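As a basis for the values below, the full set of heavy atoms in this structure was taken, side chains included, without hydrogen atoms, waters or symmetry mates. If you're wondering where the values come from, they're calculated on a predicted model, not measured in any experiment. Counting begins at 1 with the first residue of the sequence.
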Amino acid sequence: MTTSFNVQTNKSTANGIKIRGKLCAEYAEILTPQALEFIAMLQRRFGAERERLLKLRETIQQQLNAGWQPDFPSETEAIRNGDWKVAPIPQDLQDRRVEITGPCDRKMVINALNSGANVFMADFEDANSPTWDNMVSGQINLRDAVNRTIEFSDFTTGKTYKLNEKTAVLIARPRGWHLLEEHILVDDRPVSGSLFDFGLYFFHNTRKLLEQGSGPYFYLPKLENRHEAALWNEVFVAAQEAFGLPIGTIKVTVLLETILAAFEMDEILYALRDHIVALNCGRWDYIFSFIKKFRDRADCVLPDRQQVTMTTHFLRSYSLLTIKTCHRRGALAMGGMAAQIPIKTDPVANETALAKVKADKEREAGDGHDGTWVAHPALVPIARQVFDSKMPGSNQLSVLRDDITITAADLLSVPTGSITEAGLRNNIRVGILYLSAWLSGSGCVPLYNLMEDAATAEICRAQIWQWLHHNATLEDSRSVDRPLFQALLNEEIAALHQEIADRSSWQKTFDTAIELFTQLVIADNFEEFLTLPAYRHLVSF
């Protein structure tokens, strides 16, 4: 890989590769000609298949809109019935009882690695606003973390942050297949965000990670079927061959966060069997996916977000099926996110919130999950105590759950409950505030005692769209129609002006967030991801 270009400009071109974002000296250390050529190789080899699979998503959605009911595919029955297992799990990924997630902000990376969790998932996806600066500086931060040179000085407090001797295992999450990186062109077309994020991290860190006895580990988001998993597998094979590494050096965990993927757990594991070590129950995106996929069905309208918990039948079923499927194949089954954060100003409310976290983790550990997620370092000890008490070994692979049978009807069971004015108002508030933060460059935002990311914001706007589209009825018998939504929106906007009075960055994006959120929820057609139209506001050349 030999090429050169002028790193002093932000319009650099070489071998069909153009950088449209700023390219300072620090960024040039990551965006090297060799790294970009590696990404370009991946884009040229796999970009067309990525686009074909996104078209397949559209075709499947049309079938769902026409009334098709998902089921376990008959054409892959031999895979589900076969006697096979995934490749062995590396030593440093066998005990994952507590994982913490967050964006690739420099201070966050240090604190998460030092948090006492077993694993830190560094997120380029839902907990991240994909500004050019965030994407490139995030890669710099992870490189420095791998090299153990990362430091951060907080000039407001005078405190300096460094890595502890013992840190969490690092796993990176690239963006989903649907997202592009508009600041890098390959042959005059934007590169896949997935391939950009994966490629840079793999290129710069693999050798060092292997020297340390770890490896290039990844979380894969938003897969909808075995074909999308197979594409990732081809990417991994190509990357390992380019580096002269054995197949299986890369290890991945797939986030099971779409309703369609739930019907293809075995198939996804099989497609990635040389590389995969676990499935994870990505509960928030899973709820969003349920709404999105069945958006045209009046009998699939969900109640308030707060009522759709992991104890509802369809979510508990998917969690149990994940455990049963993974353990049969020798893979770990990771539990879901606890989005609560400490409530320092209200001890009673804080105790209630922490009790919910504990109960959620007790359910996961008791069912047979091998670990769980938290969003805040203060929750690490709570989750660890639960799993330490219920899981004395490194994992629960021996818990096969042959006592359960999960059917398609179980996975498609619509939760019952009420739709309330309070729930509608909360969706408006969270949706607008999150978009304000996202547009200002923050993708992980504490709001009303929960850590919100793109997945929870998706639920907020999807629920309102669904309620409006199907003229849902509130528990007080009022219809959720356009006049009611507009009236509550106006009231909430007035209140939110006060809430963001001391947040200058949010004030700059507030009006855009309101406009974008409103367009998303009143549109006749459902936008697949809010980040697609929102990203256009982040792109600047």
Side-chain angles (χ1 to χ4, degrees), residues 89 93-101 115-121 168-169 171 219 253-257 261-262 265 269 277-287 290 306-341 352-404 406 410-411 415 450-451 453 455-456:
I89 301 172
L93 289 179
Q94 291 183 11
D95 188 336
R96 298 170 62 174
R97 64 191 61 219
V98 184
E99 301 191 349
I100 191 168
T101 72
S115 66
N118 299 71
V119 167
F120 166 47
M121 188 198 77
V169 175
I171 303 182
Y219 256 105
T253 301
V254 167
L255 283 142
L256 197 68
E257 51 189 358
M265 294 186 195
L269 288 167
V277 295
L279 296 178
N280 171 288
C281 288
R283 61 178 69 174
W284 305 121
D285 263 305
Y286 193 84
I287 295 169
F290 192 93
Q306 289 77 5
Q307 299 174 35
V308 187
T309 68
M310 289 302 294
T311 60
T312 57
H313 187 73
F314 85 119
L315 290 178
R316 185 77 187 281
S317 298
Y318 126 88
S319 172
L320 290 170
L321 182 59
T322 301
I323 296 167
K324 181 175 182 176
T325 305
C326 284
H327 289 179
R328 181 187 177 198
R329 305 306 183 183
L332 302 177
M334 300 301 298
M337 169 66 77
Q340 290 83 358
I341 57 178
T352 300
L354 298 185
K356 289 181 179 179
V357 173
K358 185 178 180 182
D360 183 55
K361 302 315 169 190
E362 287 177 339
R363 173 193 55 79
E364 290 178 330
D367 283 347
H369 277 290
D370 301 290
T372 192
W373 272 19
V374 298
H376 193 282
L379 301 184
V380 170
I382 297 172
R384 179 171 294 282
Q385 186 276 325
V386 170
F387 272 84
D388 284 350
S389 65
K390 292 183 176 293
M391 191 177 79
S394 297
N395 51 61
Q396 301 195 81
L397 284 170
S398 61
V399 179
L400 299 179
R401 295 313 308 252
D402 290 333
D403 56 312
I404 61 168
I406 304 298
D410 292 317
L411 296 175
L450 293 175
M451 192 66 77
D453 67 6
T456 49

Any side-chain heavy-atom pair of [X] and [Y] under 4.5 Å:
{"X": "L411", "Y": "I406", "value": "yes"}
{"X": "V399", "Y": "H327", "value": "yes"}
{"X": "T253", "Y": "V277", "value": "yes"}
{"X": "D453", "Y": "M451", "value": "no"}

| request: Check the side chains of S394 and Q94 for a donor-acceptor pair under 3.5 angstrom, ignoring hydrogens and angles. | output: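 Short answer, no.
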
Measuring from atom [atom1] of [X] to atom [atom2] of [Y], what distance do you get when rounded to the nearest 0.5 angstrom?
{"X": "C326", "Y": "M334", "atom1": "SG", "atom2": "CE", "result": "10.5 Å"}
{"X": "F290", "Y": "Y318", "atom1": "CZ", "atom2": "OH", "result": "12.5 Å"}
{"X": "I100", "Y": "W373", "atom1": "CD1", "atom2": "CH2", "result": "11.5 Å"}
{"X": "D367", "Y": "T322", "atom1": "CG", "atom2": "OG1", "result": "11.0 Å"}
{"X": "Q396", "Y": "D370", "atom1": "CD", "atom2": "CG", "result": "6.0 Å"}
{"X": "M310", "Y": "S317", "atom1": "CE", "atom2": "OG", "result": "9.5 Å"}

| query | Should I89 and L332 be marked as a side chain to side chain contact (heavy atoms under 4.5 Å, CB included) after you check the CA-CA gap, both sets of side-chain angles, and the distance that decides it? | reply | CA-CA 9 Å; I89 301 172; L332 302 177; 3.8 Å; yes

| With R96 via salt bridge (charged side-chain N to carboxylate O under 4.0 Å, His left out) - residues at least two apart |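 Only E99 meet the salt bridge (charged side-chain N to carboxylate O under 4.0 Å, His left out) criterion with R96.
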
Using only atom types and a distance under 3.5 Å, with no angle test, would you say the side chain of [X] pairs donor to acceptor with the backbone of [Y]?
{"X": "T372", "Y": "V98", "result": "no"}
{"X": "S389", "Y": "Q385", "result": "yes"}
{"X": "K324", "Y": "I404", "result": "yes"}
{"X": "T312", "Y": "V308", "result": "no"}

Contact summary for [X] and [Y], nearest pair of heavy atoms:
{"X": "T101", "Y": "F120", "result": "C-CE1, 4.1 Å"}
{"X": "R97", "Y": "M391", "result": "NH1-O, 3.0 Å"}
{"X": "V374", "Y": "A383", "result": "CG1-CB, 4.0 Å"}
{"X": "S319", "Y": "H369", "result": "OG-NE2, 2.7 Å"}
{"X": "P377", "Y": "S115", "result": "CB-CB, 4.3 Å"}
{"X": "A365", "Y": "V386", "result": "CB-CG1, 4.2 Å"}

| field | Test side chain to side chain contact (heavy atoms under 4.5 Å, CB included) applied to E257 and N280, step by step | value | CA-CA 8 Å; E257 51 189 358; N280 171 288; over 6 Å; no

| Checking salt bridge (charged side-chain N to carboxylate O under 4.0 Å, His left out) for the pair D360/K358: CA distance, chi angles, key distance, verdict? | CA-CA 5 Å; D360 183 55; K358 185 178 180 182; over 6 Å; no

| field | Intermediate values then yes/no, side chain to side chain contact (heavy atoms under 4.5 Å, CB included), K361 and I382 | value | CA-CA 9 Å; K361 302 315 169 190; I382 297 172; 5.7 Å; no

| message | Quick one, H376 with Q340, criterion side chain to side chain contact (heavy atoms under 4.5 Å, CB included). Give me CA distance, side-chain angles, the key distance, then yes/no. | response | CA-CA 8 Å; H376 193 282; Q340 290 83 358; over 6 Å; no

